Peer 1: 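Structure provided below as structure tokens; questions to follow.
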Amino acid sequence: MGLKIYNSLTRKKEEFHPLQDKLVRMYTCGVTLYDELHLGHARAAVVFDMIRRYLEFKGYKVIYVTNFTDVDDKMIKRANELGVTIFDLAERFMGEYFEQMEKLGVEKADYHPRATEHVKDIIELIKKLEDKGIAYRKDGDVFFRVKKFPDYGRLSGQSLKELIAGARVEIDEKKEDPLDFALWKRAKEKEPCWDSPWGKGRPGWHIECSAMAMKYLGENIDLHAGGKDLIFPHHENEIAQSEAATGKKFAHFWVHNGLVRINGQKMAKSAKNFITLSDALQKYEGEVLRFYLLSAHYGSPLEFSEQSLEETSFSLERIYNVLNRTDELASVDTIKVTMQSAPEKIKKLSEKFFHSMDDDFNTPSAFAAIFELVKEANAILKEPVKENSKTQLVYIAKKIREAGKILGLFQKKGRQLEDKTEKLVQILIDVREMLRQEKKWELADTIRARLQEVGVQLEDTRGKTLWRVKTNK
RNA sequence: GGCGGUGUAGCCAAGUGGCUAAGGCGGAGGACUGCAAAUCCUCUAUUCCCCGGUUCGAAUCCGGGCGCCGCCUCCA
């Protein structure tokens with residue numbers, strides 16, 4: 001059973017094989033640390049985290065690198081507005097980034113390189129390009145000579161001719177050709193800058209990714225990812241710089257996530273239609289957001305709606321309900337389960353999950369399998385408990401948690417309340433049970449209603465009253 | 001204008017040549033229940049934007065049209 005991934009470079013789903021047997025070198029374009037994150041950034045981070053987890057599950061050792069852009073026009077502009085340095089700015093938003101990523105269940109990368117800490121590597125790379133006659137200097141700026149790289153436009157599916165024809169590029173007198181792009185920018189007054197063979201200046205945007213990817217992962221990498229809006233020019237330029245410098249194929253797989261939309265439009269800073277991640281996290285738990293962000297296929301656009309997020313919240317609760325009930329009935333750890341003991345149907349559903357994931361990380365289809373497992377488990381829970389059905393339940397719960405681990409979901413155990421609080425709730429339930437025995441429904445219902453107000457939901461089942469904490473905020 | 005993508009139920013969303021068009025939410029009815037909640041069962045797209053074509057057979061392939069989105073300038 002092989003993993004297939006849609007490769008933007010070839011526009012085909014291809015079997016994924018790393019260059020070096022079990023090692024995957026993966027790079028994703030991170031964020032610019034100039035402002036708050038929004039749901040678009042969150043989606044990219046969550047999607048690539050899921051991909052990384054799945055690759056690890058498949059037995060690969062993944063070296064994962066995601067960068068921070070901490071010097072560029074936007075950084076400088078924002079820092080000036082706030083009256084701080086770009087380094088202060090970076091520090092602040094980097095802190096927020098890690099805090100929020102943790103809430104989304106996004107694991108740290110192996111390396112989080114910053115552009116400003118790799119200026120030396122960047123300069124080396126530009127020098128290499130200059131030596132080869134691919135880069136040229138002009139008044140302290142250095143540009144990439146696009147005509148020297150005939151493959152330019154392959155990723156975005158445009159030929160050089162088409163690019164020129166459709167060009168809306170600003171005419172920059174200094175460039176030999178409008179398509180050429182900056183590798184190094186001469187420092188203007190009071191701008192942060194570094195010494196270089198071309199004078200004081202700072203790196204262009206695209207070159208940092210080439211330099212850092214190659215520094216940590218080598219000249220050929222297995223998988224390079226980013227948002228669809230980065231295909232052109234950013235990734236196109238990355239390919240051009242890297243391959244022109246090394247003569248080797250830069251990245252074998254290019255994976256691009258679809259954009260988050262709101263009212264049919266791309267969510268973006270410039271459109272002022274974004275929902276910040278911090279606002280979203282205020283309203284919904286990180287796990288709900290993560291679940292939601294994975295509910296569409298990663299490559300499709302995702303239309304943001306408050307309603308969908310509410311729905312996701314209920315769906316998540318539904319999954320936890322069945323897991324918690326199973327836990328109450330039987331400890332997952334003490335009952336031994338084997339594949340053999342599971343009925344065909346349950347096995348098939350479990351396989352469906354992995355098939356879906358193997359098919360270009362088809363998370364919606366994978367979730368469908370999980371929901372079907374949930375349904376099976378609930379059906380079992382409805383019947384009087386037998387040893388055999390316990391085993392099946394435990395098997396299902398195990399499978400759901402295993403699947404959840406890959407997706408970064410469903411890992412919470414129990415109600416996550418303090419011991420004392422749990423005991424208090426139990427006291428209330430016991431008292432209420434006495435009232436119910438005496439058919440004092442009004443009082444019993446009041447207790448239930450008041451508990452519900454604080455997010456504790458009672459459920460009277462045949463034998464006893466169960467309770468759970470509502471997950472939605 | 002060029003390039004890329006997309007159009008599946010009230011909503012979200014899989015499926016890309018052939019068993020009954022996944023799954024979730026919502027809605028209707030039923031079971032359970034003192035009532036709720038949770039859960040289960042049944043129903044909820046005779047049809048996949050429209051028009052042609054290929055094929056024994058198409059949501060799925062091809063041609064044309066329409067709508068929407070992204071990129072071509074900073075962007076996850």
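If you're wondering where the values come from, they're calculated on a predicted model, not measured in any experiment. To find a chain, count down the sequence lines: A is the first, B the second, and so on, and within it residues start at 1.
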Peer 1: Which value, in whole Å, describes the distance between the P atoms of nucleotides B:A45 and B:C66?
Peer 2: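 It comes out at 32 Å once rounded to the nearest Å.
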Peer 1: Please name the pair of heavy atoms, one in A:Tyr320 and one in A:Gln411, separated by the smallest distance, quoted to 0.1 Å.
Peer 2: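 Shortest heavy-atom separation between A:Tyr320 and A:Gln411 comes out as OH-N, 3.2 Å.
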Peer 1: Measuring only the C1' atom in each nucleotide, how far is B:A13 from B:A21? A whole number of Å is fine.
Peer 2: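 One C1' to the other, the span is 13 Å.
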Peer 1: Would you kindly check whether a donor in the side chain of A:Asn362 faces an acceptor in the base of B:G15, or vice versa, at under 3.5 angstrom?
Peer 2: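 Side chain to base: no pair below 3.5 Å.
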Peer 1: Base, sugar-phosphate or nothing for A:Lys74? Non-hydrogen atoms, less than 4.0 Å.
Peer 2: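 The residue A:Lys74 makes sugar-phosphate contact but no base contact.
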Peer 1: Mind calculating the distance between NZ (A:Lys266) and C1' (B:U6) to the nearest angstrom?
Peer 2: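 Rounding to the nearest Å, NZ of A:Lys266 and C1' of B:U6 are 17 Å apart.
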Peer 1: For residues A:Ser365 and A:Lys352, determine if any side-chain heavy atom of one lies less than 4.5 Å from a side-chain heavy atom of the other.
Peer 2: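 When only atoms from C-beta onward are counted, A:Lys352 and A:Ser365 do touch, with a gap below 4.5 Å.
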Peer 1: Mind checking whether A:Tyr27 and A:His224 have parallel, tilted or perpendicular rings, split at 30° and 60°?
Peer 2: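 Because their plane-to-plane angle lies in the 30° to 60° range, the rings of A:Tyr27 and A:His224 count as tilted.
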Peer 1: Answer yes or no: side-chain N or O of A:Arg436 and base N or O of B:G34 forming a donor-acceptor pair under 3.5 Å.
Peer 2: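 Per atom types, the contact qualifies.
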Peer 1: Taking atom P in both B:C49 and B:G67, what distance in whole Å separates the two?
Peer 2: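 Comparing P positions in B:C49 and B:G67 gives a spacing of 16 Å.
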Peer 1: Could you work out the separation of B:G24 and B:U44 based on their C1' atoms and round it to a whole Å?
Peer 2: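 Result for the C1' pair: 15 Å, nearest Å.
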Peer 1: Base, sugar-phosphate or nothing for A:Ile231? Non-hydrogen atoms, less than 4.0 Å.
Peer 2: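 Result for A:Ile231 = nothing.
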Peer 1: Describe the nucleic acid contact of A:Ser315 in one word from base, sugar-phosphate, nothing, applying a heavy-atom distance below 4.0 Å.
Peer 2: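 Sugar-phosphate only.
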Peer 1: Output yes when at least one side-chain N/O atom of A:Gln265 is less than 4.0 Å from OP1 or OP2 of B:G70, else no.
Peer 2: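 For B:G70, OP1/OP2 do have a side-chain N/O of A:Gln265 under 4.0 Å.
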Peer 1: Quick one, A:Tyr284 with A:Glu310, criterion side-chain hydrogen bond (donor to acceptor under 3.5 Å, both in side chains). Give me CA distance, side-chain angles, the key distance, then yes/no.
Peer 2: CA-CA 9 Å; A:Tyr284 302 95; A:Glu310 293 291 338; 3.1 Å; yes
Peer 1: Contact class for A:Gly40 vs. all strands (heavy atom < 4.0 Å): base, sugar-phosphate, or nothing?
Peer 2: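 Base contact.
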Peer 1: At 4.0 Å (heavy atoms only), tell me whether A:Val47 reaches a base, stays on the sugar-phosphate, or touches nothing.
Peer 2: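 Nothing, no nucleic acid heavy atom in range.
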Peer 1: Over all strands shown, is A:Arg432 touching base, sugar-phosphate only, or nothing at heavy-atom distances under 4.0 angstrom?
Peer 2: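 Contact class for A:Arg432: base.
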Peer 1: By the 4.0 Å heavy-atom rule, please label A:Asp445 as base, sugar-phosphate, or nothing.
Peer 2: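 Base, at least one base atom sits under 4.0 Å.
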Peer 1: Could you state the CD-P distance from A:Gln452 to B:C35, rounded to the nearest angstrom?
Peer 2: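 In whole Å, B:C35 P lies 17 Å from A:Gln452 CD.
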Peer 1: Give A:Arg448 one of three labels, base, sugar-phosphate or nothing, depending on what nucleic acid heavy atoms sit under 4.0 Å from its own.
Peer 2: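 Counting heavy atoms under 4.0 Å across all strands, the contact made by A:Arg448 includes a base.
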Peer 1: Using the side-chain hydrogen bond (donor to acceptor under 3.5 Å, both in side chains) rule, take A:Asp430 and A:Gln426 through it: C-alpha gap first, then chi angles, then the decisive distance, then the call.
Peer 2: CA-CA 6 Å; A:Asp430 291 346; A:Gln426 197 52 54; 3.3 Å; yes
Peer 1: With side chains defined as the heavy atoms from C-beta onward, is the minimum distance between A:Lys464 and A:Ile429 less than 4.5 Å?
Peer 2: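 In short, these two side chains do not touch, never coming nearer than 4.5 Å.
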Peer 1: Given side-chain hydrogen bond (donor to acceptor under 3.5 Å, both in side chains), test A:Glu383 with A:Ser389 step by step and report yes or no.
Peer 2: CA-CA 9 Å; A:Glu383 302 299 321; A:Ser389 53; over 6 Å; no
Peer 1: Tell me whether A:Lys283 is salt-bridged to A:Asp279, with the criterion being a basic N under 4.0 Å from an acidic carboxylate O.
Peer 2: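 Not counted as a salt bridge, because no side-chain N and carboxylate O are separated by less than 4.0 Å.
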Peer 1: Taking only side-chain N and O atoms of A:Arg11, does any of them lie within less than 4.0 angstrom of OP1 or OP2 on B:G4?
Peer 2: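 Result: no.
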Peer 1: For A:Leu37 and B:A76, give me the distance from atom CG to atom P, rounded to whole Å.
Peer 2: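 In whole Å, B:A76 P and A:Leu37 CG are 9 Å from each other.
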Peer 1: Output the rounded distance in Å from CG (A:Asn273) to C1' (B:C69).
Peer 2: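 Taking atom C1' of B:C69 as the reference, CG of A:Asn273 is at 13 Å.
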Peer 1: Rounded to whole angstrom units, what separation is found between the OH atom of A:Tyr298 and the P atom of B:G5?
Peer 2: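 In whole Å, B:G5 P lies 14 Å from A:Tyr298 OH.
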Peer 1: Select base, sugar-phosphate, or nothing to describe what A:Gly30 touches, counting heavy atoms under 4.0 Å on all strands.
Peer 2: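 A:Gly30: backbone/sugar contact only, no base atoms under 4.0 Å.
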Peer 1: At 4.0 Å (heavy atoms only), tell me whether A:Ser300 reaches a base, stays on the sugar-phosphate, or touches nothing.
Peer 2: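 A:Ser300: backbone/sugar contact only, no base atoms under 4.0 Å.
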Peer 1: Between the base of B:C74 and the side chain of A:Asp72, is there a donor-acceptor distance below 3.5 Å?
Peer 2: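 In this structure, the two groups form no donor-acceptor pair.
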Peer 1: At 4.0 Å (heavy atoms only), tell me whether A:His297 reaches a base, stays on the sugar-phosphate, or touches nothing.
Peer 2: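 Sugar-phosphate contact only.
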Peer 1: Using atom P in both nucleotides, what's the gap between B:U73 and B:G64 to the nearest angstrom?
Peer 2: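 Those two atoms are separated by 28 Å.
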Peer 1: Has A:Phe371 got its ring stacked on the base of B:G24, with centres under 5.5 Å and planes less than 30° apart?
Peer 2: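 Per 5.5 Å and 30° rule: no stacking.
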Peer 1: Considering every strand and a 4.0 Å limit on heavy-atom distances, what is the contact class for A:Lys375: base, sugar-phosphate, or nothing?
Peer 2: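 Touches sugar-phosphate only.
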Peer 1: To the nearest Å, how far apart are A:Glu238 CD and B:A76 C1'?
Peer 2: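 The distance from CD of A:Glu238 to C1' of B:A76 comes to 13 Å, rounded to the nearest Å.
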Peer 1: Could you tell me the separation between the CD atom of A:Glu306 and the C1' atom of B:G26, rounded to a whole number of Å?
Peer 2: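 Answer to the nearest Å: 17 Å.
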Peer 1: Could you tell me whether A:Glu459 contacts a base, only the sugar-phosphate backbone, or nothing, with contacts defined as non-hydrogen atoms closer than 4.0 Å?
Peer 2: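 Base contact.
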Peer 1: Which value, in whole Å, describes the distance between the C1' atoms of nucleotides B:A58 and B:C50?
Peer 2: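 After rounding to an integer number of Å, I get 16 Å for this pair.
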Peer 1: On the nucleotide B:C41, are OP1 or OP2 found under 4.0 Å from the side-chain N or O atoms that A:Lys382 carries?
Peer 2: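 For B:C41, OP1/OP2 do not have a side-chain N/O of A:Lys382 under 4.0 Å.
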Peer 1: Say we look at B:G5 and B:U16: how far apart would their C1' atoms be, to the nearest angstrom?
Peer 2: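 Roughly 15 Å separates the two C1' atoms.
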